[in-house]
Amino acid sequence: MSGAHHHHDQSSGHSHGHSHAHGHDHHGHGHSHAPASFGRAFAIGIALNTGFVAIEGIYGIIAGSMALVADAGHNLSDVLGLVIAWTASILTARPPSARFTYGFKSSSILAALANASLLLIALGAILVETIRRLVHPEPVAGGPVMIVAAIGIAVNTVTALMFMRGRHHDINVRGAYLHMAADAAVSAGVVAAGFLITLTGAQWIDPVTSLVIVAVIARGTWGLLKDSLKMGLHGVPNGIDENAVRAFLAAQPGVCAVHDLHIWPMSTTETALTAHLVIPDGHPGDAFLHHIAHELGDDFAIGHATLQVETSAEGHPCAPDCDPVA
């Protein structure tokens, strides 16, 4: 009888988890579809930047400026990053299937990883050429460098402003925003370099500016790589304290132990949780589970909780505090 009862508890926990996750999906739509509302921003950003990369790359070669070529490389990696982030935002919105029961939500995590990897490759290529230029300086036309980089400031500022709104909600939108903001700063540096070259005629200013650009990109990329790797490894998302969640669950009436607690990112915007609650007095009912799931959503931004209720801690060394119920 106790076995059957125990099984009932498990299935109730799971059916709750299922019904809640389903119901909460509507509640969480604002989160999951946040990037989708940036479709227009992505499209305009990609179009503007692709055009600019072509102009900047060609003029960089004509003017002999490594700083312009570095900036064009940086902008190209950003265009690729925007394409990846946009693709991920579309995939994230696709419904689950029998094979992909989460849908393609975690494609947004893979996108952030791919984005960081692309940036590192672009960095390597630019770095090699810049070092070559430092060793063998070549003449640089400062005037065209200033004009093209000034256009870059405008293009990047406009694109960054379009992503500003969503940068706190999604790592990919944040990635797009940071890239564009950094690009605007980098272009400003290239304008200054062009001005100094025109003023002094010192050719070494150009490759040194390129090195500074590389350092700026490397710093931003490292942060993006670290965050996306952590998400890919199912680390507890930033801003969620695992101990606080555990304490919250343990403090619920009738709960004498919490074990097998897992908190992980389903995508760059949504978080899931599973936990086993040991409740010796028996299953507390669906209302109790709905209440906990609601609280987890409100207090910890965990939108997809599945809770399994157990009436005995037998066989679970993690839950020694519970007295077995006869």
**Request:** Report yes or no: do Ile131 and Val208 belong to one cluster of Ile/Leu/Val/Met/Phe/Trp/Tyr joined by side chain heavy-atom distances under 4.5 Å?
**Result:** yes
**Asked** Taking it one step at a time, do Val278 and Val258 satisfy side chain to side chain contact (heavy atoms under 4.5 Å, CB included)?
**Response** CA-CA 6 Å; Val278 181; Val258 177; over 6 Å; no
**Asked** So do Val212 and Thr209 actually touch side chain to side chain, heavy atoms under 4.5 Å?
**Response** no
**Request:** Please list, chain by chain and in numerical order, all residues satisfying side chain to side chain donor-acceptor pair (under 3.5 Å) with Thr274, sequence neighbours excluded.
**Result:** none
**Prompt:** Do Phe52 and Ile151 touch side chain to side chain, with heavy atoms closer than 4.5 Å?
**Reply:** yes
**Prompt:** Does a sphere of radius 6.0 Å around CZ in Phe195 hold more than 12 heavy atoms from other residues, nucleotides or ligands, not counting ones at 6.0 Å or beyond?
**Reply:** no
**Message:** If you compare all heavy atoms of Thr198 against all heavy atoms of Gly143, which two are closest, and at what distance to 0.1 Å?
**Reply:** OG1-N, 3.9 Å
**Message:** Closer than 3.5 angstrom, by distance alone: can the side chain of Glu56 be matched with the main-chain N or O of Ala72 as a donor-acceptor pair?
**Reply:** yes
**Request:** Please identify each residue that fulfils side-chain contact (heavy atoms from CB on, under 4.5 Å) with Ile109, with sequence neighbours left out.
**Result:** Ser106, Met231, Pro265, Thr268
**Request:** Tell me whether Phe163 is reachable from Ile90 by hopping between hydrophobic residues (I, L, V, M, F, W, Y) whose side-chain heavy atoms are closer than 4.5 Å.
**Result:** yes
**Prompt:** Should Cys256 and Pro280 count as side-chain neighbours, where that means a heavy-atom distance under 4.5 Å?
**Reply:** yes
**Request:** Could you check whether the rings of Trp264 and His234 sit parallel, tilted or perpendicular, using 30° and 60° as the cut-offs?
**Result:** tilted
**Prompt:** Are side-chain heavy atoms of Asn238 and Asp227 found at a separation under 4.5 Å?
**Reply:** yes
**Prompt:** Heavy atoms, side chains only, cut-off 4.5 Å: are Thr92 and Ser107 in contact?
**Reply:** yes
**Candidate pair Leu82 and Met180, rule side chain to side chain contact (heavy atoms under 4.5 Å, CB included), full reasoning** = CA-CA 10 Å; Leu82 285 176; Met180 295 306 158; 3.5 Å; yes
**Over all atoms of both residues, closest heavy-atom pair of Asn49 and Asn75** = OD1-OD1, 3.8 Å
**Complete:** Shortest non-hydrogen pair, Thr130 vs Met66, comes out as OG1-CG, 3.8 Å
**Fill in**
dist Ile302:CD1 -> Ile240:CD1 (nearest 0.5 Å) comes out at 4.5 Å
**Item:** From Ile292 atom CD1 to Asp299 atom CG, the distance as rounded to the nearest 0.5 Å
**Value:** 12.0 Å
**Message:** Quick one: does any side-chain atom of Gln203 pair with a main-chain N or O of Val140 as donor and acceptor, under 3.5 Å?
**Reply:** yes
**Asked** Would you say Asn115's side chain and Ala111's backbone share a donor-acceptor pair under 3.5 angstrom?
**Response** no
**Request:** Using the rule that two of Ile, Leu, Val, Met, Phe, Trp, Tyr join whenever any of their side-chain heavy atoms come within less than 4.5 Å, decide whether Tyr102 and Phe100 are in one cluster.
**Result:** no
**Rounded distance (nearest 0.5 Å) linking atom CD of Gln308 with atom NE2 of His276** = 4.0 Å
**Item:** Value rounded to 0.5 Å, distance of NE2 in His290 from CG in Leu307
**Value:** 10.5 Å
**Message:** The test is side chain to side chain contact (heavy atoms under 4.5 Å, CB included); show your working for His304 and Thr271 and say whether it passes.
**Reply:** CA-CA 6 Å; His304 302 266; Thr271 305; over 6 Å; no
**Request:** Quick one: closest heavy-atom pair of Ala149 and Val191, and the distance?
**Result:** CB-CG2, 3.5 Å
**Item:** Minimum heavy-atom distance Ala184-Asn156, with the two atoms named
**Value:** N-CB, 3.6 Å
**Message:** Do Asp241 and Val245 make a side-chain contact, defined as non-hydrogen atoms from C-beta onward lying under 4.5 Å apart?
**Reply:** no
**Message:** Let me check something: do Leu211 and Leu120 share a hydrophobic cluster, defined by ILVMFWY side-chain heavy atoms less than 4.5 Å apart, either directly or through other members?
**Reply:** yes
**Request:** For Asp206 and Ala67, indicate whether the former's side chain and the latter's backbone hold a donor-acceptor pair under 3.5 Å.
**Result:** yes
**Request:** Answer yes or no: is there a side-chain heavy-atom contact under 4.5 Å between Ser65 and Tyr59?
**Result:** no
**Request:** Quick one: pull up CG in Leu249 and CG in Leu296 and give me the separation to the nearest 0.5 Å.
**Result:** 5.5 Å
**Fill in**
Nearest heavy-atom approach of Leu224 to Ser228 is O-OG, 2.7 Å
**Asked** Linking I/L/V/M/F/W/Y whenever their side-chain heavy atoms sit closer than 4.5 Å, directly or via other members, would Ile153 and Met162 fall into one cluster?
**Response** no
**Prompt:** Can you tell me how far the CD atom of Gln252 sits from the CD1 atom of Ile279, to the nearest 0.5 Å?
**Reply:** 9.0 Å
**Message:** Any non-hydrogen side-chain atom of Leu273 less than 4.5 Å from a side-chain atom of Thr306?
**Reply:** no
**Request:** Go through the steps for Thr269 and Ser108 under the test side chain to side chain contact (heavy atoms under 4.5 Å, CB included), then give the verdict.
**Result:** CA-CA 9 Å; Thr269 53; Ser108 55; over 6 Å; no
